[in-house]
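Report on the following structure.
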Amino acid sequence: MTISDAVSTKPQVTASSQTIPAAKRILLSGPDVGELEEEYLLRAFRSGWIAPVGPDLEAFEKELADRVGVAHAVGLSSGTAALHLGLLGLGVKPGDRVITSTMTFAATANAITYCGAEPVFVDCVDDGNMDPIQLHRALKDSIRSGAKPAAIVPVDLLGRPADYDRILPIAAEFDVPVLVDAAESLGSRYRDHACGSLGEAAVVSFNGNKIMTTSGGGALLTNDERLAEYARYLSTQAREPVAHYEHREVGFNYRLSNLLAALGRAQLARLDGLVERRREIRARYRDSIVAVTDGTTLFGDDNTHRDNAWLSAILVDESRTGFNAGELGAWLAEHDIETRPLWNPMHLQPVFAGARMYGGEVSEGIFASGLNLPSGSTMSDDDVERVIATVTVFLGQRGCLAPR
Ligand SMILES: *Cc1c(COP(=O)(O)O)cnc(C)c1O
């Protein structure tokens, strides 16, 4: 039993339908840690390498780089820190424009703002990832007005890779570097490439609810040695390599600790299994919810790429079902099942009101109709069946089960 199970175990709840057994709360995406993590963490602890760096950090960086197929990985305190240093490494300066996808978590846009740069948002296509046509428009517009963007930050939404066959040539045409926000897509593949290996650099996150976790952490991945070295230097207060403390630039305290890197090594060793389990869960939802319902679809589900199925989401077409995603989410919450809306697009956020935006309807539609279902790799088969049974009762009540 994991700690998250322990804290979420509650006494019997009163289910409002007799057919649904009440049980412990099912989380959206809890950490999946166990004996291996404990062993690695304790070994690092007992080695005496508590802080600030150490052999587990070096080994984790090497294993991560090998896994993704890049030359360098820099372990950092969060994915957000990795985005920040990646942008600085690409030369993003105050006043610059940086183009990113509106359909993302706020961290992507926040990191752009930390550089004093201006996020320019573009809409997504149906799978929630950056629309190359809107990207092209945004680039042309900015260049025409004399403000060539300093970087492009595509996001692999919910683990599914963006359309790099189209995005990378556009970036090359305009000579703008690409920093991929792969925070959600570690373990996914885009054609023959591991996610996190495309672009000038990419960022992954090891936050608590991501596909693998170090409780908190992230990394910058790149083939560019200069970029990796610069990020490592900035992450340790930009200290010059001399004995007396000397600093020529403002740095940050962003390095990943050796203990957390040890945790990361254990998780990385299990990554394939974690991905496999999430893919199984998504397949169950596909076969047992989406396939038997009129008016729901599995978000971003096709077999072109082998993604990590970080979060499984369904889209509810209210005009066909007569209910919306929020109502289904509320029903599941009543039955102690955690769900969440998809990311609320950045151009709708008060903090980014007034930002430049290209398109918007597609992301707004996805936000309105999408619901993330419990997807964590710690879910037992019984947990998955309980989610399906609870959804099925709701669909039955609303008359949405398709005749078989
Ligand atoms: C989680 C996430 C981040 C931030 O990672 P942290 O490690 O939490 O700082 C950035 N971008 C996206 C798309 C994310 O999902």
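Numbering of ligands and ligand atoms starts at 1, following listing order.
Between Thr339 and Leu328 there is no side-chain heavy-atom pair separated by less than 4.5 Å. At a threshold of 4.5 Å between non-hydrogen side-chain atoms, the residues Ile337 and Trp331 do not count as touching.
In this structure, Asp287 does not pair ionically with Arg282, as no charged nitrogen and carboxylate oxygen lie closer than 4.0 Å.
Legend: residues meeting side chain to side chain donor-acceptor pair (under 3.5 Å) with Asn324, ordered by chain and number and at least two apart, are Glu327.
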Which donor-acceptor pairs under 3.5 Å do side chains of residues 131-138 form with protein atoms, sequence neighbours excluded?
| unit_1 | atom_1 | unit_2 | atom_2 | d |
| --- | --- | --- | --- | --- |
| Asp131 | OD1 | Ile133 | N | 2.9 |
| Gln134 | OE1 | Arg137 | NH1 | 2.7 |

Show me the donor-acceptor pairs within less than 3.5 Å that the side chains of residues 80-89 make with the rest of the protein, sequence neighbours left out.
| unit_1 | atom_1 | unit_2 | atom_2 | d |
| --- | --- | --- | --- | --- |
| His84 | ND1 | Tyr254 | OH | 2.9 |

Under 3.5 Å: N or O atoms of ligand 1 paired with protein N or O:
| unit_1 | atom_1 | unit_2 | atom_2 | d |
| --- | --- | --- | --- | --- |
| ligand 1 | 5 (O) | Ser205 | OG | 3.2 |
| ligand 1 | 7 (O) | Gly79 | N | 2.7 |
| ligand 1 | 7 (O) | Ser205 | OG | 2.7 |
| ligand 1 | 8 (O) | Asn207 | ND2 | 3.0 |
| ligand 1 | 9 (O) | Gly79 | N | 3.3 |
| ligand 1 | 9 (O) | Thr80 | N | 2.9 |
| ligand 1 | 9 (O) | Thr80 | OG1 | 2.5 |
| ligand 1 | 11 (N) | Asp181 | OD1 | 3.3 |
| ligand 1 | 11 (N) | Asp181 | OD2 | 2.7 |
| ligand 1 | 15 (O) | Glu184 | OE2 | 2.5 |
| ligand 1 | 15 (O) | Lys210 | NZ | 3.1 |

